[in-house]
Amino acid sequence: MGAFKAAAIQMRSGTSPEHNAVDLERLVREAASQGATYIQSPEMTGALVRDKQARAASFTSEDKDIIVSTSRKLAKELGVYLHIGSTAILRADGKLANRALLFGPDGATLATYDKIHMFDVDLDNGESWRESAAYEPGTEAIVTEVDGARLGFAVCYDLRFPQLFRAEALAGADLLSVPAAFTRQTGEAHWHVLLRARAIENGAYVVAAAQGGLHEDGRETYGHSLIVDPWGRIVAEAAHDEPAVIVAEIDPAQSVAARKKIPNLKNARDFAVNGGSAEALPLRGAAS
C-alpha cells in the first residue's frame, strides 16, 4: 500500500457538455502535471441544466457521451485513474442516472455508481430542489481499488447519510469520495463539518471535488473542494469558488493507523431502539 497523489478539480460547469469537456481536459492535464495519479471531478461535470426540456436535449447514453469519451482518452494518455464525480447519463429505459464513472490508466471503465440519495429539499429564501423528478436513484454502494487504496463512491447529497460511508468502510474502503454541487446556502452551513465527520467516523481519507460559483442555469454552488485525512485534518482546500486544482498525498497506511488508534469500526455493536415513535423510519444501508 504505497502513497500516491490525489487531485480534486473544481469546476463551474455550464449548460454545454462540449464546453465543459474542454474545461475538464484542461484541469485534468493540470492535475496530472502536478503528479496526481487519481483525479476526481465534481458532480454534474457534463452540464448543470435546470430547465427540464433543455436537460432532456443535452444528455445521451454512456457510449455517446462526450464526457465519457474525453475522460477515457485522458485517462489512457496520462496513465491516471480519472474519476468523473458524476454526469447525467441516459439509461436504456429512458430514465436519467446521476452517474459517477471511474476510468483506469488503460482507459477502461473500472466502476460506475448511480447516486442513491436524491436531493429533494426546500431551503430558506424559496430555494427548492426535486432531483427525483429528473433522475432515477441508484440502489448499490460501490467499492473498488485505486492505486492500492480501496475507493468508496458517493455523490453530493449522499454525504448526509453516514450509513452509506460506514458500509463502504466496513467493506474495506480507506478512501471515500464525495464529488458535489453543494448549494452555497448548504455549503456555508455544513460542507466542511460533514466531510471531516465522514473522515473521522470511518478513519478514511475523503476527496471532495466541488462545483463553484454562479452557473449559466442560474444556480450558485459553494466550491471549497477539499481533501481530508483519516484524522479529520484538511490537507488541501480550494478556499474559494473559482475553477482550480488541489493535490494531496494519500497514504493508505494512515487509514490503518487511524483505525488502530480509534477502532470504532471493530467496536460497533448491534442494539435495539426502545421508545421510538410509530412514524420512525428504519435504518438502511447496514453492512451484512
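Since this is a predicted model, take the numbers as computed values, not measurements.
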Please check this pair: side chain of [X] against backbone of [Y], looking for a donor-acceptor N/O pair closer than 3.5 Å.
X	Y	value
Ser61	Leu90	no
Ser225	Ala8	no
Arg259	Asn202	yes
Gln10	His224	yes
Ser86	Ala100	no
Ser69	Ile66	yes
His215	Ser13	yes
Ser177	Val207	no

Which heavy atom in [X] sits nearest to a heavy atom in [Y], and how many Å separate them?
X	Y	answer
Asn20	Gly14	OD1-N, 2.9 Å
Ala173	Leu151	CB-C, 4.4 Å
Ala111	Ile142	CB-CG2, 4.2 Å

Plane angle bin for Phe161 and Tyr157 - parallel if under 30°, tilted between 30 and 60°, otherwise perpendicular: perpendicular
Candidate list Asp217, Asp23, Asp241, test salt bridge (charged side-chain N to carboxylate O under 4.0 Å, His left out), partner Arg12, passing option: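 With Arg12 as partner, salt bridge (charged side-chain N to carboxylate O under 4.0 Å, His left out) holds for just one option, Asp241.
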Of Arg99, Arg219, Lys115, the residue whose pairing with Glu43 passes salt bridge (charged side-chain N to carboxylate O under 4.0 Å, His left out): Lys115
Find out whether [X] and [Y] are in side-chain contact, i.e. whether some heavy atom of one side chain is under 4.5 Å from a heavy atom of the other.
X	Y	result
Tyr205	Gln254	yes
Lys5	Gln34	no
Pro17	Asp65	no
Pro243	Met11	no

Glu168/Arg198 salt bridge by N-O under 4.0 Å criterion: no
Gap between atom CG of Leu110 and atom OG1 of Thr144 - 0.5 Å precision: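 Reported value, rounded in 0.5 Å steps: 6.0 Å.
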Gap between atom CZ of Arg26 and atom CD1 of Ile9 - 0.5 Å precision: 9.0 Å
His240, NE2 atom: more than 12 neighbouring heavy atoms under 6.0 Å: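 Atom NE2 in His240 is packed in, count exceeds 12.
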